[in-house]
Amino acid sequence: MPPEPDAVAPGAAVPDRARPDACPGALRLHPADDGALARVRLPGGLLTTRQALALADAARELGDGRLEITSRGNVQLRGLASDCGGELGGRLRAAGLLPSDTHERVRNIVASPGPAAGLGDVRAWARSLDQSLCASPWATALSGKFLFALDDGSGDVAALDADVTLIAGPDGTALLRLGRAATVRPVPAGQAVYAALDAAHEFLDAQRAAGVRAWHLREAPDLLDPGPLPLPVLSGTRPPLGALPGSGPQVGLYAGLHVGLRFGLATAGQWQVLADAAEGELRLTPWRGVVLPGAPAERLAALAAAGFRTAGGTAWDGASACTGLPGCAKSLADVRADAARALDGAPANPGGLPVHWSGCERRCGHPAGRRVDVLATGQGYRVALEGAPPGRDTAVEVTNEEMAAAVAAARRTTT
């Protein structure tokens, strides 16, 4: 997949995306070195137990037996036969995972998964926005990369800098943020979903009027009025791994469990364990984890035994990696295997910088913001601090054997 520009400099020309985006979907399979890839959109990361098992069966019977949670809380199946699209589509429709063939790639919606650190449960927004998108013929013109974020007020998914972000306010009100704007639009109670849809439609109309084509709002920040109010400071608190007791005025609402997946990967057998531990619902997170609302703490032991991360405070916190070899021909290394060895042997690093391993210069799947960038070179790795002060060269070239120590040192950087 081609890389995306991280931002557009003030005054720079809007990129003209003459070609459609190449994002895979559930029906548009993407050829990869390990077989075809399908991406199944899960608005809000919401899955029933039955749907989770249907995905596990599809991975086992049509693919390589594994499922991958993406940085948007969607699911990817890999190792598929190039001609399995019809059968896969039929399975997804039967499970209620493909409500619209024409809109399936634009159903990109992330939502706060809980616990209730913010002002409300945004699941109703996610379901309503998904239904409205699928019912809007104009929405098919959105890029498959265009992202909606529905934040409960905690700031967890607002930090993703989505194209359109709704931030829950008191008494059903909301704030609407466009791209990476520093200001927001106030939204009256009961109008949040309409406001998000209108913003996306407005973006498409503004592009047509300007005679350009952009995939993201950040590529065309001057096309729309971002709003009159300053963006509030949000805590950005994410649900911790482990047991999630309810708190504050919403005691019990979000009580449950939160487990992490190494690089977002799980076997079909591990998904069966997740389904067994769930109380009817699973919520996939953009941090490649799964929240199980209502699941009791005593089920953590079985999840840990199955290989899920059930506690934070380890080197795996904030770690991600691209596909690498053997799945991607452009990669110069099996970055996930190399990264796993480095992380398993590293000391705990609470509060350290995020780190992302990339097999080539495209840096697919890298997180936004300040991080440690680990790039395969063919002879080893280049370790650098992304977001370092201008003029400061932080890059070091290391061998595979030296890489773990270099990454650990870079993650402790505070300046």
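- Aromatic ring orientation, His366 versus His356: perpendicular (interplanar angle above 60°, classes split at 30° and 60°).
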Inset, instruction - Check step by step if side chain to side chain contact (heavy atoms under 4.5 Å, CB included) holds for Leu142 and Leu133. - result: CA-CA 10 Å; Leu142 292 171; Leu133 271 176; 4.3 Å; yes

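- At distances below 3.5 Å, at least one donor-acceptor pair connects side-chain atoms of Ser132 with backbone N or O atoms of Ser128.
- Looking at Gln207, its side chain does come within 3.5 Å of a backbone N or O of Ala214 through a donor-acceptor pair.
- For the residue pair Ser235 and Ser154, the shortest heavy atom distance occurs at OG-O, 2.9 Å.
- Counting all heavy atoms, side chain and backbone alike, Asp163 lies closest to Leu217 at O-CD1, 2.7 Å.
- Of the charged side-chain nitrogens involved, at least one lies within less than 4.0 Å of a carboxylate oxygen, so that Arg60 and Asp57 count as a salt-bridged pair.
- Taking 4.0 Å as the cut-off between side-chain N and carboxylate O, Glu68 and Arg66 do not count as a salt-bridged pair.
- The backbone N or O of Arg107 lies less than 3.5 Å from no partner atom in the side chain of Arg41, so there is not a single donor-acceptor pair.
- No side-chain heavy atom of Thr285 sits under 4.5 Å from any side-chain heavy atom of Val157.
- Trp357 places a side-chain heavy atom less than 4.5 Å from the side chain of Val407.
- Using a 4.5 Å cut-off on side-chain heavy atoms (C-beta onward), Leu223 and Glu202 make no contact.
- Counting all heavy atoms, side chain and backbone alike, Leu166 lies closest to Val193 at CD1-N, 4.3 Å.
- Remark: the backbone N or O of Ala277 is paired with a side-chain donor or acceptor of Arg299 at under 3.5 angstrom.
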Inset, instruction - Kindly determine whether Leu77 and Leu62 satisfy side chain to side chain contact (heavy atoms under 4.5 Å, CB included), including the steps that lead there. - result: CA-CA 9 Å; Leu77 308 179; Leu62 302 179; over 6 Å; no

Legend entry - Derivation of the side chain to side chain contact (heavy atoms under 4.5 Å, CB included) call for Ser331 and Thr323: CA-CA 8 Å; Ser331 181; Thr323 299; over 6 Å; no

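- Side-chain atoms of Asp151 come within 3.5 Å of backbone atoms of Asp156 as a donor-acceptor pair (strictly under, hydrogens ignored).
- The CG atom of Leu231 sits 8.0 Å away from atom OG1 of Thr183, with the distance rounded to the nearest 0.5 Å.
- Summarising the geometry of Phe263 relative to Ala339, their closest heavy-atom pair is CZ-CB, 3.6 Å, with the distance given to 0.1 Å.
- Considering all non-hydrogen atoms of both residues, Asp205 and Arg208 come closest at OD1-NH2, 2.6 Å.
- Using a 4.5 Å cut-off on side-chain heavy atoms (C-beta onward), Ser71 and Ser320 make no contact.
- Applying the side-chain hydrogen bond (donor to acceptor under 3.5 Å, both in side chains) rule to pairs touching residues 372-382 yields Asp338-Tyr381, Arg363-Asp373, sequence neighbours excluded.
- To the nearest 0.5 Å, atoms CH2 (Trp271) and CG (Leu47) are separated by 5.5 Å.
- Although no hydrogens or angles enter the test, the distance criterion places no donor-acceptor pair under 3.5 Å between the side chain of Arg39 and the main chain of Cys23.
- Distance CD/Glu104 to CG/Leu92: 9.0 Å, rounded to 0.5 Å.
- When side chains are defined from C-beta on, Leu274 counts as touching Leu303, because their heavy atoms get closer than 4.5 Å.
- Looking at Arg309, Arg238, Arg411 one by one, the single match for salt bridge (Lys or Arg N to Asp or Glu O under 4.0 Å) with Asp317 turns out to be Arg309.
- Distance alone, capped at 3.5 Å, is enough to place a donor-acceptor pair between the Arg185 side chain and the Asp225 backbone.
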Legend entry - Full working for side chain to side chain contact (heavy atoms under 4.5 Å, CB included) between Arg362 and Cys328: CA-CA 12 Å; Arg362 298 183 306 164; Cys328 177; 3.4 Å; yes

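- Glu386 places no side-chain N or O within donor-acceptor distance of the main-chain N or O of Arg371, the cut-off being under 3.5 Å.
- With a 4.5 Å cut-off on side-chain heavy atoms, Leu150 and Val110 do not count as touching.
- The distance between the ring centers of Phe203 and Trp215 does not fall below 6.0 angstrom.
- In terms of modelled atom types and a separation under 3.5 Å, the side chain of His258 and the main chain of Pro240 share a donor-acceptor contact.
- Between the CG atom in Asp161 and the CG atom in Leu147 there is a gap of 10.0 Å [rounded to 0.5 Å].
- Of the charged side-chain nitrogens involved, at least one lies within less than 4.0 Å of a carboxylate oxygen, so that Arg262 and Asp344 count as a salt-bridged pair.
- Rounding to the nearest 0.5 Å places OG1 of Thr173 at 11.0 Å from CD1 of Ile167.
- Without hydrogens or angle criteria, Arg283 side chain to Ser112 main chain gives no donor-acceptor distance under 3.5 Å.
- Counting heavy atoms from C-beta outward, Thr413 and Thr394 have side chains that stay 4.5 Å or more apart.
- Residues Gln51 and Leu42 are not in side-chain contact: their nearest non-hydrogen atoms beyond the backbone lie 4.5 Å or more apart.
- Summarising the geometry, atom OG1 belonging to Thr314 is positioned 8.0 Å from atom CG belonging to Leu343; distances are rounded to the nearest 0.5 Å.
- Nearest heavy-atom pair across Glu279 and Pro296 is OE2-CD, 4.4 Å.
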